[in-house]
2 protein chains.
Amino acid sequence: MRFSDEMARKAQKTAKRPVRRRTEIGKSAPKRRNMRAADRERAIVDEAIRFFAEHGFEGQTRELAKRMGITHSAIYRHFPSKEALIERVYQEVYLSRWSPDWGPMIRDRSLSLEARLTRFYLDYAARVFEYNWVRIFVFSGMKSFGITGRYLDIIRREIIEPAAAELRHDLKLPDAKTHPLGERETELFWGLHGRIFYLAIRKFIYETPIPPDLDAIVRDAVQTFMDGARATMPRLLVRD
Amino acid sequence: MRFSDEMARKAQKTAKRPVRRRTEIGKSAPKRRNMRAADRERAIVDEAIRFFAEHGFEGQTRELAKRMGITHSAIYRHFPSKEALIERVYQEVYLSRWSPDWGPMIRDRSLSLEARLTRFYLDYAARVFEYNWVRIFVFSGMKSFGITGRYLDIIRREIIEPAAAELRHDLKLPDAKTHPLGERETELFWGLHGRIFYLAIRKFIYETPIPPDLDAIVRDAVQTFMDGARATMPRLLVRD
DNA sequence: CGCATTTGTGACCAAATGGTCATTTTCTGT
DNA sequence: ACAGAAAATGACCATTTGGTCACAAATGCG
């Protein structure tokens, strides 16, 4: 069978320029549309985000292209390689999920720390609890490109450590500048963060149901956390 | 180039039975070892667990085989397909990470609930915080085979709900049998669980450093949680 | 309108990949 | 020690997959 396959292919190759008629007889043709480069690029990125979120980065360019009604070759006109497309997807997804307000929000002492944390996590959940984001985040983590690490650094710097410092202030404990934050203190806040993010994992990674009223859960989480932290924090300072 | 390739292959195919001498001249040969079927099967499964944990289930059987010093064909003597191997890996990994003691431990009223939760999560962390387990768990979750769901069901039934019921008893609130557990109550405990598991995710999925003294963090987590839960729980009962 | 430029296509390639099988090598029981 | 059973190999296959390229179809614009 091998040989005739080969022959068939050669034959096909030789018979060049097959008459490709766009309009079938008596049928209004579904014209092929050429998009401007910039638009097509956007369209590809958008679809790629959805596609890779579902299938992981091993998903095939051909299938991705089919979903958009184009050929995979068209993708390669706009992106030099699959790697480059993936890199672009990272860029888009990561950049769109951080609000510059969040850092200041944590430090804004016109509200109680509990209120600030509640506002932040309500906002955070609203923005981050999305299929595409969560799955691409985790997929990229598993491929270990160091990208997730960079994102977590931001969270630590902008949320975790400031919040821990604020709790010190709240409880009238020594300032973080004189007594540096201990690991167990910051872990308290990583705990709150993990608790919230674990909801997203349950929903989008394990695809297990979570309560419909997410806001209530977030509020409860912050409240419970603050009650607990107020009790635990002084102990940590003594023992650290 | 295509054609001569083809020819070369055919030629090779024709020249059958190449003299394969095991011992090079004057060299002690590294003998090939035949293992008994059962042993080889175990060896394959063990290596596959490590391999798939690293590379995900798209990892190639050839590479897996190479790591064991055998050919990928040998794998197919012991497993009918890659799918079957993966299925077996699931079995092994999931089964080995649940202790029958855990359910009873939560219900054992000879210790305080806080002590029970501490014991459980210390034990849980010791058993579950392992590269292979965590990654295969998450990988399988992303492929959505419903396996992770089954595992979470066990956690809910054996840990989350019993623990919530115990907290009711602890706080002298109405029994769970007369007042069924509310979603927000069980979410409290999912919160604790998520908080702990998020440590594993940070370590093995994001590959970000976590504190070396995991036990201290677990203790703090349970303590903070209990302090918070004692304050929050009564509110939930009223509002639910 | 007409054509140069841009966008998209389909055939093709090479390497990878899951899987099969005839043959060879090793092992075990007698 | 040796024959038959069991284990392992390597050549092979079909299909998949990232990527290229010559050519065809749309489109902007003078």
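These values consider heavy atoms only, across backbone and side chains, with no hydrogens, waters or symmetry-generated copies. The structure displayed is predicted, hence computed values, not measured ones.
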Checking dT25(C), dG18(D), dT9(C) against the side chain of Thr61(A) (C-beta onward), the nearest is dG18(D)
- request: State whether Arg33(A) places a side-chain N or O below 4.0 Å from either non-bridging phosphate oxygen (OP1 or OP2) of dT7(C).
  value: no
From the list Arg67(A), Arg40(A), Arg42(A), Lys66(A), salt bridge (charged side-chain N to carboxylate O under 4.0 Å, His left out) partner of Glu47(A) resolves to Arg67(A)
Of the listed dT27(D), dA8(D), dG10(C), the closest approach to the Asn34(B) side chain comes from dA8(D)
By nearest-heavy-atom nucleotide on DNA chain D, the more 5' of Ala37(B) and His72(B) is Ala37(B)
Taken to the nearest whole Å, CZ/Arg42(B) to P/dA7(D) is 16 Å
Here the distance between atom P of dA15(C) and atom CZ of Arg62(B), to the nearest Å, is 14 Å
Atom CE of Met68(B) and atom C1' of dT9(D) are separated, to the nearest Å, by 15 Å
Rounded to whole Å, CD of Glu83(A) lies from P of dG19(D) at a distance of 8 Å
Out of dT20(C), dG8(C), dA7(D), minimum distance to the side chain of Arg77(B) belongs to dA7(D)
Side-chain atoms of Lys82(B) come closest, of dT9(D), dG19(C), dA8(D), to dG19(C)
| So, is Arg36(B) near the phosphate of dA6(D), with a side-chain N or O under 4.0 Å from OP1 or OP2? | no
Specify whether His193(A) and Tyr124(A) have parallel, tilted or perpendicular ring planes, treating 30° as the upper limit for parallel and 60° as the lower limit for perpendicular. tilted
Practice problem: Take the angle between the ring planes of Trp133(B) and Phe197(B) and call it parallel below 30°, perpendicular above 60°, tilted in between. | Solution: perpendicular
When rounded to whole Å, the CZ to C1' distance for the pair Arg32(A) and dT27(D) reads 11 Å
Here the distance between atom C1' of dA7(D) and atom CD1 of Ile44(B), to the nearest Å, is 11 Å
Sorted by position of nearest nucleotide on DNA chain C, 5' first, the leading residue of Glu58(B) and Ile70(A) is Ile70(A)
Phosphate contact (dA8(D) OP1 or OP2) by His78(B) side-chain N/O below 4.0 Å = yes
In whole angstroms, the gap separating P of dG8(C) from NZ of Lys66(A) amounts to 19 Å
From the candidates dA8(D), dG19(D), dC21(D), the one with an atom nearest any side-chain atom of Ser73(A) is dC21(D)
note: Tyr76(A), atom OH; dC13(C), atom P; distance rounded to Å ~ 18 Å
Would you call the rings of Phe137(B) and Tyr94(B) parallel, tilted or perpendicular, where under 30° means parallel and over 60° means perpendicular? tilted
For residues 193-203 of chain A, the salt bridge (Lys or Arg N to Asp or Glu O under 4.0 Å) pairs (sequence neighbours left out) are Arg202(A)-Glu187(B)
